[in-house]
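Notes follow the structure.
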Amino acid sequence: MSSPTHRSPAEPDLALFGRTPRFAAPLHVGRPNLGDRATFLRLTGEALDRLWLTNNGPLVREFEEAVARETGARHCIAVANATLGLLLTLKALGVRGEVILPSFTFVATANVVSWLGLTPRFADIDPATGCLDPDHVERLVGEDTGAILGVHLWGSVCDVDALGEIADRRGIPLVFDAAQAFAVRHQGRPVGTFGTAEVFSFHATKVLNTFEGGAITTNDDRLANTLSKMRNFGFVGADRVAIDGLNAKMSEPCAAMGLASLPGLGDIIAANRAMDARYREALAGIPGFDPVPSPPGSNFHYLVAEVDQQTFGLSRDALLYALHTEGVFARRYYYPGCHRTAPFQSADTDPLPVTEAMGRRILQLPTGTSVTADEVDEIARLVRACHEHAPAIAERLKTARPLNFPYQSLAFYEAAMAREGVKVTR
Ligand code: T4K
């Protein structure tokens, strides 16, 4: 990149052209929302005083009750993370054979299926929601299908009725990966009671976090009972192991973080909603840059947009490159789709045209309580500037080099350039 002193005055006001990046401190997708610090420290201090740090302690039990109340589910089983929650749920349900799931999800959803020795059958998604397309599920479901594993994405909820109908007809469980869907409502009903069971993530990057953590909610008494044993190695007494379990317990400090955050969750969602509206207003009318609508019951945790290369003037990845140079670490959840990742690319997969198209077009802009309204406006101005200077940026990228940023691997850069029709010579 040229240094600011050698900049041509006609060049765009962008870091790619040697200007100072807009954001000195990078903005991320997934900065944690922190709960009330004093409450967290008090609760954690009490756990230390009790010398009771994990193994179904009082804070974990209180957190489980709070999550059950929030979701309306009869049972909540707190776990160490959503990945283990999903693993235990499919295991406890005795799922065999094939599991139908979207490819358009975080790889954890598919990891769980393969770790259980089950066969993933990837189905396409509904372009309106990013969630499983029930018509494709219907075509995939057969004698070997052991379960349907839907994913509620970006604050949208799967077509729970259509999927429920297919699962009921086949007599197979319907499990929802609700990792991103805590406090999301669907037709007025909170996520947590759909299907056979739902699994939330409370990872640091989620709307409510327990550092690492997750929870399974279900109305099925037997399943809940099995799960609570399974997450504790299968123990049913001090030295009696009744079932095949593992260690998926949530610790007391993690539960303390959840308890310190839950009372403020309504405020966080209100702030998310305001940010969502501000983004939409500030981004309005940028050709080829279309924010994906947030459903009314969303937790508004993600701002997702689709980039149409033809109309915007740059590919999604070229835009990401330009944003990253400015300190805006937009992400592309979920590219390239699980079916194109190493562990799953040999799976027997139908064509997934919507998954492929969405994967190439979508990006997420920084959100969360650490992003200010002024920063939202500045990000929107930046996106607009990238559109206005698209030809100059595309030209500039031909000689740009990979950035030394966490998400700017050489492969990322090469893929971005390939979309611009430029082959990178190393
Ligand atoms: N199913 C679905 C649909 C999911 O989305 C997820 C998780 C799961 C299942 C599995 O849930 P868990 O087993 O994790 O409970 C992140 C999260 O690590 C992952 O939990 C999440 N989905 C996924 C959507 O996003 P990465 O690899 O993109 O995370 P990472 O480390 O790059 O963090 C994202 C951004 O957040 C960074 O730009 C920096 C910022 N950050 C992150 C952490 C951890 C912070 O500012 N502070 C932090 O402490 O996967």
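Values below: all heavy atoms of this structure, side chains included; hydrogens, waters and symmetry mates excluded. All ligand and atom numbering here is 1-based and tracks the order in the structure.
Side-chain atoms of N299 come within 3.5 Å of backbone atoms of Q180 as a donor-acceptor pair (strictly under, hydrogens ignored).
The S201 neighbourhood of ligand 1 comprises atoms 11 (O), 12 (P), 15 (O), with distances under 4.0 Å to a heavy atom of that residue. Those atoms of ligand 1 that come under 4.0 Å of a heavy atom in T109, given as number and element, are 1 (N). Atoms of ligand 1 lying under 4.0 Å from any heavy atom of A108, numbered from 1 in the order shown and given with element: 8 (C), 9 (C), 10 (C). The T105 neighbourhood of ligand 1 comprises atoms 3 (C), with distances under 4.0 Å to a heavy atom of that residue. Of all the atoms in ligand 1, the ones that sit under 4.0 Å from a non-hydrogen atom of K206 are 5 (O), 7 (C), 19 (C), 20 (O), 21 (C), 22 (N), 23 (C), 24 (C). Near G30, meaning under 4.0 Å from one of its heavy atoms, ligand 1 places the atoms 36 (O), 40 (C), 41 (N), 45 (C). Per-residue contacts place N81 under 4.0 angstrom from the following atoms of ligand 1 (heavy atoms of the residue considered): 13 (O), 15 (O).
Contacts between A82 and ligand 1, counted as non-hydrogen atom pairs separated by less than 4.0 Å, involve both the backbone and the side chain. If you look at Y333 next to ligand 1, the close heavy atoms, those under 4.0 Å, all belong to the side chain. Counting heavy atoms closer than 4.0 Å to ligand 1, residue V151 contributes side-chain atoms (C-beta onward) but none from N, CA, C or O. Contacts of Y334 with ligand 1, taken as heavy-atom pairs under 4.0 Å, involve the side chain alone. Residue-level proximity to ligand 1 for D177 is carried by the side chain, the only part with a heavy atom below 4.0 angstrom.
Under 3.5 Å, the side chains of T193 and R189 contain a donor-acceptor pair of N or O atoms. Using modelled atom types and a 3.5 Å distance limit, the side chains of K249 and N56 yield no donor-acceptor pair. In summary, the side chains of T105 and T109 do present a donor paired with an acceptor at a separation below 3.5 Å, with no hydrogens or angles considered.
Screening residues 191-215 for salt bridge (Lys or Arg N to Asp or Glu O under 4.0 Å) gives no qualifying pairs among residues at least two apart or on separate chains. Within the structure, every pair that satisfies the salt bridge (Lys or Arg N to Asp or Glu O under 4.0 Å) test and touches residues 121-135, not counting sequence neighbours, is listed here: E98-R121.
By the 3.5 Å distance cut-off applied to N or O atoms, L86 is not counted among the residues near ligand 1. Considering backbone and side-chain atoms alike, T83 places an N or O below 3.5 Å from some N or O of ligand 1. The shortest N/O to N/O separation between V29 and ligand 1 falls below 3.5 Å.
Using a 4.0 Å cut-off between charged nitrogen and carboxylate oxygen, E64 and R61 do not count as a salt-bridge pair.
Using a 4.5 Å heavy-atom cutoff, the side chains of L303 and Q364 are not in contact.
Each of V184, T71, V160 was compared with V191 under the side-chain contact (heavy atoms from CB on, under 4.5 Å) criterion, and only V184 meets it.
Residues F200 and A178 come closest through the heavy atom pair CD2-O, 3.3 Å.
Evaluated by nearest non-hydrogen atom to atom 30 (P) of ligand 1, the leading choice among R331, R31, R332, H28 is R331.
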